[in-house]
2 protein chains.
Amino acid sequence: MPGQVQSIARAAAILRLLASSSGRLGIGEIARSLNLPKGTAHGIIRTLQDVGFVEQDKTSGKYQLGATLLHLGTSYLDVNELRSRSINWADPLAARSGEAVRIGTLLDGKVLVVHHVFRPDDILQTLDVGSLLPPHATALGKVLLAYDVGAANAATQREPEPYTRRTLVTARALTRALSEIRDNGWGAEIGEMTPGEAGIAAPIRGYGGLVVGAIGLSGPVDRTCDGSGNPRPALVTYVRDAARAVSRDLGATRW
Amino acid sequence: MPGQVQSIARAAAILRLLASSSGRLGIGEIARSLNLPKGTAHGIIRTLQDVGFVEQDKTSGKYQLGATLLHLGTSYLDVNELRSRSINWADPLAARSGEAVRIGTLLDGKVLVVHHVFRPDDILQTLDVGSLLPPHATALGKVLLAYDVGAANAATQREPEPYTRRTLVTARALTRALSEIRDNGWGAEIGEMTPGEAGIAAPIRGYGGLVVGAIGLSGPVDRTCDGSGNPRPALVTYVRDAARAVSRDLGATRW
DNA sequence: CAACAGTGTTCGGCATTGTCGACCGGGGTT
DNA sequence: AACCCCGGTCGACAATGCCGAACACTGTTG
């Protein structure tokens, strides 16, 4: 793998920086964060501005992400095969289970939501397509980690952030959970991200059997789990069936 | 304005090309489309791939947009002030009018949808945040053109695409429609994009009174228009009130 | 009131950087 | 087996973009 194009890599770093720090940044802050000379950073940002990837607030002079990126992002959704194949199966799953359905894939060790179907009964939900979820505290994330050794190692390396009392924070607990998921072929999360909320997810396989994503539902514990605190078997079956159906659509055989 | 950074401008052109041609492209096609040597195009694409902006289909070797762009795009939504200020007013507008509400802004002479509230009664609608609408055949677009001379000129220059029999295709008709919108302070579209569908929109002004976006609703003609084929005055008032409210939130005075 | 510490922006010289076109290896098709 | 397309690689050359200092401006601070 020969070297990267320096300026493009730097431009991408600037965009990611702007995205992560959610807000406007001055050119000085950007240059300092990335150890770049101010002049260099300015040249890059100026071209990014010319192509519409960043915008400048005229009063404060600070920079933020540009509108073109929004369009590029949704264009990605149109092309994404995982999403397009999933849509047909996500709606029935939401209807049958009565819960919100999400489809995610791994991006930089986190879960990128590529599709989201609202819970049928409720309207007041915020769409979170495009947002990143923590891998260790969601059903989608744990399933994805279970079938991606690289990401799983990275996740167990650094201390996982605790969201609730039930969040898996130790490497041992997480590793065991992933192993269980591999044995069962599905995974769950009960109050590990938000108290009282639970999720069930199963892996989606693409051509060749490789896991390319995961589909799952989430909802209140008292609806998604039975009396003994385990995920309702009927819901698990629904999720696994949906995952299998999407996998078949993607060209995976015998799953 | 000193020169642009060549490689970044080229990288952006590649991304836009991939977005517009909605599908996978080979490196040869890309190089030919942009008049670049194959080797150069390859270097740029390789780095774009390293940073996750494009992905490569392993079997065909072709390239498509990458997942990172989806995240960047939604990050843009989080920062976008027009959107965040609008959300509070879009929901009530949808509730009062009973129709779908959209908020858009001008991007490269087209209408970029930055927010979308579904029609309250119906669930089966596709979210089109991030998609580009034609400016000359939508209420949002015509309102935005009416207050942007540059984009209006560009729109009247080239032959507008006809969608229905009622689409404004001549420069004269479009210019007159824009003038009317400026006089009235709001605009409408009746069956110009889709037969039987109509839209009503009003401009949103930012700090200093500059038009930075538009808010509008759309729905079946028999619900949004009265017996004589004009937009229902009550709905027009709702839309204009919402536009004024958002403008006030954005810091525009006396509108 | 002046000095200062910020900001974003410009400019020109140097050498690093990325461009370029030919070349390589593989899959299809003819 | 010859051909033609594909994507990927390599190395020489010089155009390119990087860099640091200087600029203009604002608001704050001594």
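The figures that follow rest on heavy atoms only: side chains count, while hydrogens, waters and symmetry mates do not.
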- [ ] Compute the angle between the rotation axes at the two ends of the helix from C/dC1-D/dG30 to C/dA15-D/dT16, each taken over five pairs, rounded to 10 degrees.
- [x] 20°
TODO: Check each of B/Leu77, B/Asp78, B/Thr105 against B/Arg83 using the side-chain contact (heavy atoms from CB on, under 4.5 Å) test, and report the only one that passes.
DONE: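 By the side-chain contact (heavy atoms from CB on, under 4.5 Å) criterion, B/Arg83 pairs with just one of B/Leu77, B/Asp78, B/Thr105: B/Leu77.
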- [ ] Please name the residue in the list B/Val117, B/Val113, B/Val111, B/Val129 that meets the side-chain contact (heavy atoms from CB on, under 4.5 Å) test with B/Arg102.
- [x] B/Val113
Open item on the list: What verdict does the side-chain contact (heavy atoms from CB on, under 4.5 Å) test give for A/His136 and A/Arg158, after you've listed the backbone C-alpha separation in whole Å, the side-chain angles of each residue and the deciding distance to 0.1 Å?
Closed with: CA-CA 11 Å; A/His136 67 282; A/Arg158 61 171 178 279; over 6 Å; no
Whole angstrom value for the distance that separates [atom2] of [N] from [atom1] of [X]:
| X | N | atom1 | atom2 | result |
| --- | --- | --- | --- | --- |
| B/Asp57 | D/dG8 | CG | P | 12 Å |
| A/Gln49 | C/dG8 | CD | P | 12 Å |
| B/Glu29 | D/dG8 | CD | P | 13 Å |
| B/Ile27 | D/dG8 | CD1 | P | 6 Å |
| A/Arg24 | C/dT7 | CZ | P | 17 Å |
| B/Lys62 | D/dG8 | NZ | C1' | 16 Å |

Under 4.0 Å: is that the gap between some side-chain N or O of [X] and OP1 or OP2 of [N]?
| X | N | answer |
| --- | --- | --- |
| A/His42 | C/dG8 | no |
| B/Gln56 | D/dG8 | yes |
| B/Arg32 | D/dC6 | yes |
| A/Tyr63 | C/dT9 | yes |

Heavy atoms only: give me the nearest [X]-[Y] pair and the separation to one decimal.
| X | Y | result |
| --- | --- | --- |
| A/Ile8 | B/Ala11 | CD1-CB, 3.7 Å |
| A/Pro203 | A/Ser247 | O-OG, 4.2 Å |
| A/Tyr76 | A/Asn80 | OH-ND2, 2.6 Å |

Open item on the list: Taking only the C1' atom of each, what is the distance from D/dA12 to D/dT16 in whole angstrom?
Closed with: 16 Å
Task: Any donor-acceptor pair under 3.5 Å from A/His116 side chain to A/Asp128 backbone - done: yes
Open item on the list: Would the distance check show the side chain of B/Glu55 and the main-chain N or O of B/Ala67 forming a donor-acceptor pair, the cut-off being under 3.5 Å?
Closed with: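 Yes.
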Open item on the list: Within the 3.5 Å criterion, strictly below it, is a donor on B/Thr156 or B/Thr175 matched to an acceptor on the partner's side chain?
Closed with: no
- [ ] Starting at the 5' end of nucleotides 15-22 of chain D, put B wherever the base has a protein heavy atom under 4.0 Å, S where only the sugar-phosphate does, and a dash everywhere else.
- [x] -SSSBB--
